[in-house]
Amino acid sequence: MRKLTALLLALALTLGLSAAFADTQITVTGSGEVLIPADVAVISLGVNVRSAEAPSAQAEANEVIAKIREALTAAGIDEEDISTGYINLYAAYDYSSSVERITGYNASSTLAVKVTDMTRVGEVIDLAFGAGANMLDGVSFSAKDDTAARAEALKAAVADAKAKADVLAEAAGLGELEIDSIAESGVYAYDSGANNFSAKGMITEQAEDAATVIRAAKICVSASVTITYEAKEKK
């Protein structure tokens with residue numbers, strides 16, 4: 001009787017282990033993207049001047065920056081939306097002889113201008129250049145609220161992961177899939193780069209008074225997830 005009981009226990013353990021190893025894990029990473037319109041633009045622009053003396057170079061740059069601020073606020077841009085980007089002052093050297101010689105000083109100063117009306121981005125650039133700006137470092141776009149887009153991107157990432165797992169399971173001859181674990185790998189929002197601008201003088205065919213043309217970017221909201229599935233053996 002004891003031998004029979006031992007045999008039955010051994011058989012039960014063997015069957016249990018076989019059932020445990022009958023399931024196969026499949027781990028996949030899914031990704032999803034959603035594009036939304038940009039509704040915030042930050043324009044980085046300013047002035048670079050050269051003078052024989054450092055104080056005069058800085059003073060000239062400050063004067064131009066003040067004129068740019070005045071032009072922008074007069075056009076309805078809130079003072080709080082105009083902030084200092086960077087200020088730089090450095091010496092220019094002549095290395096043509098055996099002894100280096102300072103030939104002057106370069107002063108650079110920029111502003112970061114926040115605009116929430118996408119139709120005015122080009123206008124702001126033109127106003128700044130009309131007031132004396134001679135540098136445009138670029139325009140960055142973003143979205144005020146991307147909450148809904150983040151949720152949609154996560155849903156798309158989960159669907160993508162499931163589609164990949166289904167393909168793997170079918171190719172391996174496995175059956176039904178059940179989620180064992182799921183983890184968010186990250187959700188990011190960034191400028192998709194889908195924007196163009198052309199400034200005065202950059203296109204020779206344009207008239208001298210042609211306005212800067214800006215097309216706002218689409219913001220890409222990207223999400224990724226890692227999901228581990230338990231795949232049942234087909235019966």
Side-chain angles (χ1 to χ4, degrees), residues 23-45 72 76-78 80-86 110-125 128 136-199 202 211-234:
D23 293 346
T24 302
Q25 285 192 331
I26 297 177
T27 300
V28 292
T29 299
S31 60
E33 290 185 350
V34 176
L35 292 175
I36 57 176
D39 53 17
V40 177
V42 176
I43 308 162
S44 179
L45 49 79
L72 295 179
I77 303 299
D78 196 320
E80 292 184 357
D81 291 331
I82 307 172
S83 59
T84 300
Y86 67 82
T110 66
L111 296 173
V113 185
K114 178 182 174 183
V115 180
T116 55
D117 182 350
M118 297 299 94
T119 65
R120 298 197 69 190
V121 177
E123 175 194 349
V124 166
I125 293 172
L136 175 61
D137 288 343
V139 183
S140 63
F141 294 92
S142 61
K144 295 176 187 174
D145 186 1
D146 60 8
T147 305
R150 285 173 178 263
E152 289 302 314
L154 281 170
K155 291 177 183 178
V158 171
D160 181 49
K162 180 60 165 60
K164 291 178 180 178
D166 286 339
V167 171
L168 292 173
E170 182 180 358
L174 300 173
E176 182 183 355
L177 295 177
E178 292 181 359
I179 292 179
D180 179 66
S181 65
I182 181 170
E184 176 193 313
S185 302
V187 183
Y188 308 97
Y190 57 91
D191 183 337
S192 68
N195 61 84
N196 295 325
F197 73 88
S198 55
M202 294 182 66
T212 300
V213 177
I214 295 288
R215 183 179 65 198
K218 291 288 187 179
I219 303 304
C220 180
V221 181
S222 175
S224 59
V225 296
T226 300
I227 304 178
T228 296
Y229 293 90
E230 291 287 351
K232 306 294 184 179
E233 295 282 359
K234 280 187 176 180

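We count residues from 1, following the sequence as given.
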Worksheet entry | Nearest heavy-atom neighbours spanning Ala223 and Ala157 | O-CB, 3.7 Å
Ignoring hydrogens and angles, write down the donor-acceptor pairs under 3.5 Å from the side chains of residues 140-153, residues two or more places apart or on other chains.
{"residue": "Asp145", "atom": "OD1", "partner": "Thr147", "partner atom": "N", "Å": "3.0"}
{"residue": "Asp145", "atom": "OD1", "partner": "Thr147", "partner atom": "OG1", "Å": "2.7"}
{"residue": "Asp146", "atom": "OD1", "partner": "Arg150", "partner atom": "NE", "Å": "3.0"}
{"residue": "Asp146", "atom": "OD2", "partner": "Arg150", "partner atom": "NE", "Å": "3.2"}
{"residue": "Arg150", "atom": "NH1", "partner": "Val187", "partner atom": "O", "Å": "3.3"}

Practice prompt. Sort out for me which residue in Thr24, Val28, Asp180 forms a side-chain contact (heavy atoms from CB on, under 4.5 Å) with Tyr229.
Written response: Val28
Worksheet item: Can you name the nearest heavy-atom pair linking Met118 to Ala41, along with the distance?
Response: CE-N, 3.5 Å
Practice prompt. Would you check if Leu136 and Thr212 make a side-chain contact, meaning some heavy-atom pair closer than 4.5 Å?
Written response: no
Worksheet item: What is the distance from atom CD1 of Ile179 to atom CD1 of Ile227, rounded to the nearest 0.5 Å?
Response: 5.0 Å
Discussion item. Between Asp160 (side chain only) and Ser31 (backbone N and O only), is there a donor and an acceptor less than 3.5 Å apart?
Written reply: yes
Worksheet entry | Inter-residue atom distance Glu80.CD - Lys114.NZ, 0.5 Å rounding | 9.5 Å
Fill in: Spacing of CG belonging to Leu45 relative to CG belonging to Leu72, to within rounding of 0.5 Å
7.0 Å
Worksheet item: So how far is it from Glu230 CD to Leu177 CG, rounded to the nearest 0.5 Å?
Response: 10.0 Å
Worksheet entry | Side-chain donor-acceptor contact under 3.5 Å, Ser185 with Thr226 | yes
Worksheet, complete the sentence: Here the gap from Lys218 atom NZ to Asp191 atom CG, rounded to the nearest 0.5 Å, amounts to 12.0 Å
Worksheet entry | Reported CD-to-CD1 distance for the pair Glu123 and Ile214, which is rounded to 0.5 angstrom | 12.0 Å
Practice prompt. Quick one: list whatever passes side chain to side chain contact (heavy atoms under 4.5 Å, CB included) with Ser181, sequence neighbours left out.
Written response: Thr228
Just list the side-chain donor-acceptor pairs under 3.5 Å for residues 163-171, sequence neighbours left out, or say none.
{"residue": "Lys164", "atom": "NZ", "partner": "Thr29", "partner atom": "O", "Å": "2.8"}
{"residue": "Asp166", "atom": "OD1", "partner": "Lys162", "partner atom": "NZ", "Å": "2.8"}
{"residue": "Asp166", "atom": "OD2", "partner": "Lys162", "partner atom": "NZ", "Å": "3.0"}

Discussion item. Looking at Tyr86, is its backbone amide N or carbonyl O close enough to the side chain of Thr110 to form a donor-acceptor pair, meaning the two atoms are under 3.5 Å apart?
Written reply: yes
